[in-house]
There are 2 protein chains.
Amino acid sequence: MNTPDTRTEAATCDVREVLDLVADKWSLYIVSNLSDGPWRFTELKHAVDGISQRMLTVTLRRLQRDGILTCTVHEVMPPNVSYQLTPLGASLLHAAAPLIAWSNGHLTQIAAARTEYDQSLSQSNRTNG
Amino acid sequence: MNTPDTRTEAATCDVREVLDLVADKWSLYIVSNLSDGPWRFTELKHAVDGISQRMLTVTLRRLQRDGILTCTVHEVMPPNVSYQLTPLGASLLHAAAPLIAWSNGHLTQIAAARTEYDQSLSQSNRTNG
DNA sequence: CGGTATCCAGCGGGATACTG
DNA sequence: CAGTATCCCGCTGGATACCG
């Protein structure tokens with residue numbers, strides 16, 4: 001068992017099965033929001049901007065199934081359901097934190113790269129007819 | 001300008017624009033493979049198991065547009081095209097490394113959580129009719 | 001060798017209406 | 001309040017054929 005060096009661990013096919021956890025449209029938002037503690041369904045719906053009721057339910061179930069969060073139902077009227085990260089979920093958020101930070105830090109750089117690429121494309125289009 | 005504490009940076013809507021870089025089916029594989037240095041098209045096609053010619057081209061163009069990698073064309077016969085990470089791409093891979101490592105380390109735990117969840121579902125189905 | 005072009009199936013996900 | 005159910009559109013991505 002060697003200690004891994006600076007070399008990045010390879011992303012194998014198995015990894016994608018797990019990366020799909022956060023590779024969909026909403027999971028990382030939800031997990032990120034739950035870092036504070038338990039949230040109720042409607043609170044999440046307002047916090048996660050633009051999510052539909054259906055996708056919130058679907059995504060929560062998926063994350064619950066994968067052991068990322070727990071769903072606690074208080075059977076009162078009106079119903080009270082709260083979601084919070086499991087230790088596994090917290091560790092996922094912890095692992096994703098550098099990538100989230102990287103995203104926040106490189107938004108403008110990437111936007112610039114896109115603009116430059118698109119412009120160089122339209123330039124060559126004019127040149128080549 | 002406060003120094004961020006242990007609290008995870010929030011994933012805002014902007015972030016998804018960037019996370020989409022790696023949230024598709026193939027990007028992270030390709031970026032991960034390119035950590036070694038420049039690769040040619042066909043080499044990548046063999047390294048990234050299961051990818052089609054079309055998806056390799058599409059994904060490489062997207063990553064190139066976003067400034068993650070560069071495409072160098074040697075106009076000889078037969079054609080020789082090599083791809084390699086930009087500094088931006090290398091920093092992306094660096095930021096994604098913890099998440100990739102987390103995925104590798106929790107494959108079994110997540111599979112177990114899924115099995116347990118599915119079994120508890122079928123149990124309650126039998127109970128409730 | 002390294003692409004493009006075209007066609008098409010599957011599913012992610014939005015809108016809407018209904019329920020306990 | 002916290003969901004389900006249904007419909008449907010668009011995009012991702014696979015298969016295949018052709019090109020410089």
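Residue numbering restarts at 1 for every chain, and letters A, B, ... go by the order of the sequence lines.
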Quiz item: Expressed in angstrom and rounded to an integer, what is the separation of A:M77 atom CE from D:dA2 atom C1'?
Solution: 10 Å
Exercise. Consider only side-chain N and O atoms of A:S27 and A:D24, and report whether a donor and an acceptor are under 3.5 Å apart.
Key: yes
Exercise. To the nearest Å, give me how far apart OH (B:Y83) and P (C:dG2) are.
Key: 8 Å
Practice problem: Could you state the atom-to-atom distance from NZ of A:K45 to C1' of D:dT4 in whole Å? | Solution: 14 Å
Practice problem: Just call it for B:P79: base, sugar-phosphate, or nothing, with non-hydrogen atoms closer than 4.0 Å on any strand. | Solution: base
Quiz item: When you measure from the side chain of B:T59 to the backbone N and O of B:L56, does any donor-acceptor pair fall under 3.5 Å?
Solution: no
Quiz item: Where the side chain of A:E43 meets the backbone of A:R40, is there a donor-acceptor pair that is under 3.5 Å apart?
Solution: yes
Quiz prompt | Any donor-acceptor pair under 3.5 Å from B:S82 side chain to B:P38 backbone | solution = no
Self-check item: Candidates D:dA2, C:dG2, D:dT4 - which lies nearest the side chain of A:F41
Solution: D:dA2
Check the interface with nucleotides 13-15 of chain D: list each N/O to N/O pair with the protein under 3.5 Å, or write none.
unit_1 : atom_1 : unit_2 : atom_2 : d
D:dG13 : OP1    : B:K25  : N      : 3.0
D:dG13 : N7     : B:R54  : NH1    : 3.0
D:dG13 : N7     : B:R54  : NH2    : 3.1
D:dG14 : OP1    : B:K25  : NZ     : 2.8
D:dG14 : O6     : B:R54  : NE     : 3.3

Quiz item: Under 4.5 Å between any side-chain heavy atoms of B:H106 and B:Q109, yes or no?
Solution: yes
Quiz item: Between CG of B:L85 and CG of B:L34, what distance do you get to the nearest 0.5 Å?
Solution: 5.0 Å
Self-check item: Residue pair B:L93 / B:I68, side-chain heavy-atom distance below 4.5 Å
Solution: no
Practice problem: Find the distance B:H46:NE2 to C:dG2:C1' and express it as a whole number of Å. | Solution: 13 Å
Quiz prompt | Rounded distance in Å - CZ (A:R61) to P (D:dA5) | solution = 12 Å
Quiz item: Over how many whole Å does the gap from B:L60 atom CG to C:dC1 atom P extend?
Solution: 16 Å
Quiz prompt | For atom CG of B:L56 and atom C1' of D:dT12, their distance in whole Å | solution = 16 Å
Quiz item: Roughly, in whole Å, what's the span from CH2 in B:W39 to P in C:dC1?
Solution: 16 Å
Quiz item: Would one find a side-chain N or O of A:R40 under 4.0 angstrom from OP1 or OP2 of D:dC1?
Solution: no
